[in-house]
Asks: 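Okay, handing you the structure first.
Quantities reported herein were computed from a predicted structural model and do not represent experimental measurements. Hydrogens, waters and symmetry mates are skipped; everything else that's a heavy atom, side chains included, is used. Along the sequence shown, residues carry numbers from 1.
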Amino acid sequence: MDTQRLIQFFALGFILLLIWSAWETDYGTPRQAMEERAEQEQARERSENGDDDDVFVPDDLDAEGPGFTDVDERQRTEEADSDEEGRDIRVRTDLLDVVINTRGGEIQQVDLLQHAVSTNDPTPLRLMSTERDRLFTARAGVVTANGVSGPGTRGVYSVDADEFELSDGEDRIVVPFVWESDEGLRVTKRYIFHRDSYLIDVEHEVDNATGGDMRASQQVFLRRSSDYGDGTSWFIYTYTGGVLNSPDSRYEKISFSDMASSPVDRNISDGWLAIIQHYFLGAWIPPEGEERRYWSRDRGNNVFDFGMNTFWRPVADGESVDFSSQLFVGPKEQDRLAAAAEHLNLTVDYGWLTIISRPLFIALNWIYSVVGNWGFAIIILTLLIKIVFYKLSETSFRSMARMRKMQPKMQALKDRYGDDRQALNQALMKMYKEEKINPLGGCLPILVQIPVFIALYWVLLESVELRHAPFMLWINDLSSPDPFFVLPLLMGATMFIQQKLNPAPLDPIQQKVMMALPFAFTIFFMFFPAGLVLYWVVNNALSIAQQYVITKRIERGEEK
């Protein structure tokens, strides 16, 4: 098998794998039984009616303490008795436009002011929303024990103003929410927003004046619908779901199906959790060194909670206790992620070739800092990769050129032996030996390069820095398909030229299949991001130039 054919078969297989993955994601979940659907519908109705229990207390939150059945009952009673509606509080910084409802202090809406919906729609992208088909919210509350009712995650807080905005000269906004009970419990929740940051500090101060001792726990979680599409083409598979960081695993995917079948229930120190999608994420980050109980819950109707609780802390009468967590909600900009928490930058999911992809992104980012255009940065990086692999490519192309030179002899052998494939193969092997040609000689250099090509593919696909990044002329978004299909057509043309430079298969059917591949790949690449197609076009063009020179030298007898 010649090396060029190997590349094409590999690329075709890779694309088919992406399509299969996308199909599995969209349609691979087994069809649920009617009973399960009915149960989910009941759960949805309970949630919509507001009589579902949002307070979730994991078992054994404190192994030495009593059970929590009484806590759950008190909490349910408190929430069921509260008919007060919450109101929306709007907070606006230089990067975020956030809506927080006083009921539970839930972050119900987050618009990213620096990221538009599309190149044609400058509306800020809405990452969090309570809309049913794109549900994604963040909650933080305090649950209580020892017979003292707390606000949980549905208690209605009081806030002094309806709008808060980061003014010029200010570096942060503190938004206080206060909940008080007739028993003497006061909970102050503070959201602290910072300039030029997607990181939000979330603090709880619990003041106990109930006349007795109690215990309290901070609970934070993300709520997300698995039906929420992120707008990515179904041709391009990217992971959407939960991610857990712990000392045992720096980056563990917890898919929604995993949450449904095997809910998370672990004690973890120095970790974090997140729900990620293509380019964006929401993540809860606890203080360093603090052990917490991480959990997940299937709420039914394709809605999932993924969160963590502190362990119970005693709060004596007349005393107070503080809790803190951080919420990151924004784009997967790697510098910001790395600064927010250790290993949070791994949510830029480069897959199993991260060890190669990350240096490639660093190189691409550095080139961009010099040239100021991501399209030219891709071209220069592709050129640098070709230079690094120049000798390996040369070996491969030289092998193909020799095979091409032997094409007339190979055709003569085929004409002589006809359908006797055993005799034909023996004759071909004899000819290879006499001409000192290794038909597999070009394969190894290509196999060495394939991981680099795949790693670069994921860099171009996953990096939010390329989202809506313009190149030149009609290409104003390297993360979207070429609107006029010029790059895919160029890719198909360069692929066809490469076919012509390669030795043609002896089998007529194989010849037709190989000639059809450029057409098929052109169709596929019409749906791929322009940045990826640009890489393939440049790579093909450079390969054609190198292969053309080597082939001509071999044909003129300047090389053997």
Side-chain angles (χ1 to χ4, degrees), residues 43-57 72 74-93 96-111 126-144 148-165 173-183 185-193 200-207 216-225 282 284 297 299 301 303 305 307 309 323 325 327 329:
R44 183 184 65 80
E45 292 176 354
R46 288 199 303 272
S47 178
E48 291 179 350
N49 292 335
D51 55 0
D52 197 7
D53 178 23
D54 273 355
V55 175
F56 176 69
V57 181
D72 291 342
R74 290 297 303 271
Q75 199 66 56
R76 288 194 189 97
T77 301
E78 176 69 25
E79 292 165 358
D81 291 342
S82 177
D83 295 329
E84 183 179 353
E85 294 291 333
R87 75 178 200 274
D88 290 341
I89 306 299
R90 187 177 182 184
V91 183
R92 187 178 176 89
T93 72
L96 300 171
D97 190 349
V98 179
V99 173
I100 308 172
N101 194 276
T102 56
R103 187 175 182 84
E106 179 186 28
I107 294 181
Q108 295 187 336
Q109 182 175 301
V110 175
D111 291 345
R126 182 156 295 170
L127 178 57
M128 286 191 170
S129 170
T130 55
E131 295 176 26
R132 181 65 192 91
D133 58 346
R134 49 186 303 178
L135 177 64
F136 190 16
T137 63
R139 294 195 181 196
V142 169
V143 292
T144 53
V148 177
S149 296
T153 57
R154 293 177 58 83
V156 178
Y157 290 79
S158 60
V159 184
D160 292 338
D162 290 336
E163 293 190 4
F164 295 81
E165 183 164 2
I173 307 175
V174 179
V175 183
F177 288 67
V178 178
W179 181 93
E180 294 179 293
S181 71
D182 296 336
E183 297 172 292
L185 180 65
R186 176 187 175 94
V187 176
T188 304
K189 176 191 299 192
R190 299 184 186 88
Y191 286 106
I192 304 174
F193 296 81
I200 305 169
D201 296 330
V202 183
E203 300 176 350
H204 283 96
E205 179 182 343
V206 180
D207 297 307
S217 166
Q218 185 190 47
Q219 179 177 84
V220 298
F221 63 92
L222 300 168
R223 175 166 294 171
R224 166 73 185 239
S225 167
W284 280 109
R297 180 169 59 155
R299 295 179 56 83
N301 203 31
V303 175
D305 291 345
N309 278 52
F323 299 96
S325 296
L327 173 68
V329 53

Asks: Sub-3.5 Å donor-acceptor pair from the side chain of Arg134 to the main-chain atoms of Arg126, do we have one?
Replies: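 Such a contact is found between Arg134 side chain and Arg126 backbone.
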Asks: Give me the one residue out of Asp162, Val98, Val99 that meets side-chain contact (heavy atoms from CB on, under 4.5 Å) with Ile89.
Replies: Asp162
Asks: State, yes or no, whether a side-chain contact exists between Gln218 and Glu203 at a heavy-atom distance under 4.5 Å.
Replies: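 Heavy-atom side-chain distance check fails, nothing below 4.5 Å.
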Asks: A side-chain contact here means heavy atoms from C-beta on lying under 4.5 Å apart; do Leu327 and Tyr191 qualify?
Replies: no
Asks: Return the minimal non-hydrogen interatomic distance between Leu222 and Gly282, and the atom names on each side.
Replies: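 Scanning both residues, the minimum pair turns out to be CD1-O, 3.2 Å.
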Asks: Below 4.0 angstrom, N of the basic side chain to O of the carboxylate: do Arg190 and Asp201 qualify?
Replies: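 No, this pair does not count.
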Asks: Please give me the minimum heavy-atom distance between Leu185 and Asp207, naming the atom from each residue.
Replies: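 Here Leu185 and Asp207 meet closest at CD1-O, 3.4 Å.
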Asks: Would you mind reporting whether Val159 and Ile100 have side-chain heavy atoms less than 4.5 Å apart?
Replies: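 No; the side chains remain at least 4.5 Å from each other.
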Asks: Treating Asn301 as the side-chain partner and Val303 as the backbone partner, does any N or O pair qualify as donor plus acceptor under 3.5 Å?
Replies: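 Not confirmed, Asn301 side chain does not pair with Val303 backbone.
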Asks: Got a second to check how far Ser158's OG is from Trp179's CH2, nearest 0.5 Å?
Replies: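 Going from OG on Ser158 over to CH2 on Trp179, the span is 11.0 Å.
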Asks: Counting C-beta onward and ignoring hydrogens, is there a side-chain heavy-atom pair between Val174 and Phe164 closer than 4.5 Å?
Replies: no
Asks: For Val202, is there any backbone N or O sitting under 3.5 Å from a side-chain donor or acceptor partner on Ser325?
Replies: no
Asks: So which heavy atom on Tyr157 is nearest to which on Val187, and how close?
Replies: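 The pair with the smallest heavy-atom distance is CE2-O, 4.0 Å.
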Asks: Is it the case that more than 12 heavy atoms not belonging to Asp182 sit under 6.0 Å from its CG atom?
Replies: no
Asks: Rounded to the nearest 0.5 Å, how far apart are CD of Glu205 and CZ of Arg186?
Replies: 8.0 Å
Asks: For the pair Thr102 (side chain) and Arg87 (backbone), establish whether a donor and an acceptor sit closer than 3.5 Å, ignoring hydrogens and angles.
Replies: yes
Asks: Closest heavy-atom contact between Val142 and Pro151?
Replies: O-CD, 3.7 Å
Asks: Could you walk me through whether Val206 and Thr144 satisfy the side-chain contact (heavy atoms from CB on, under 4.5 Å) test, starting with their C-alpha distance in whole Å, then the side-chain angles of each, then the deciding distance to 0.1 Å, before giving a yes or no?
Replies: CA-CA 10 Å; Val206 180; Thr144 53; 5.6 Å; no
Asks: Here's one to test your reading of the geometry: is the NZ or CZ of Arg139 within 45 degrees of the ring axis of Phe221 and under 6.0 Å from its centre?
Replies: no
Asks: Drop me the distance from Ile173's CD1 to Leu96's CG, to the nearest 0.5 angstrom.
Replies: 10.0 Å
Asks: To the nearest 0.5 Å, how far apart are CD in Gln108 and OG1 in Thr137?
Replies: 7.0 Å
Asks: Excluding sequence neighbours, so at least two apart, what forms salt bridge (charged side-chain N to carboxylate O under 4.0 Å, His left out) with Asp160?
Replies: none
Asks: Can you see which heavy atom on Gly86 is nearest to which on Asn101, and at what distance?
Replies: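 The answer is CA-OD1, 3.4 Å.
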Asks: Nearest heavy-atom pair of Met128 and Ile107: which atoms, and what distance?
Replies: SD-CG2, 4.2 Å
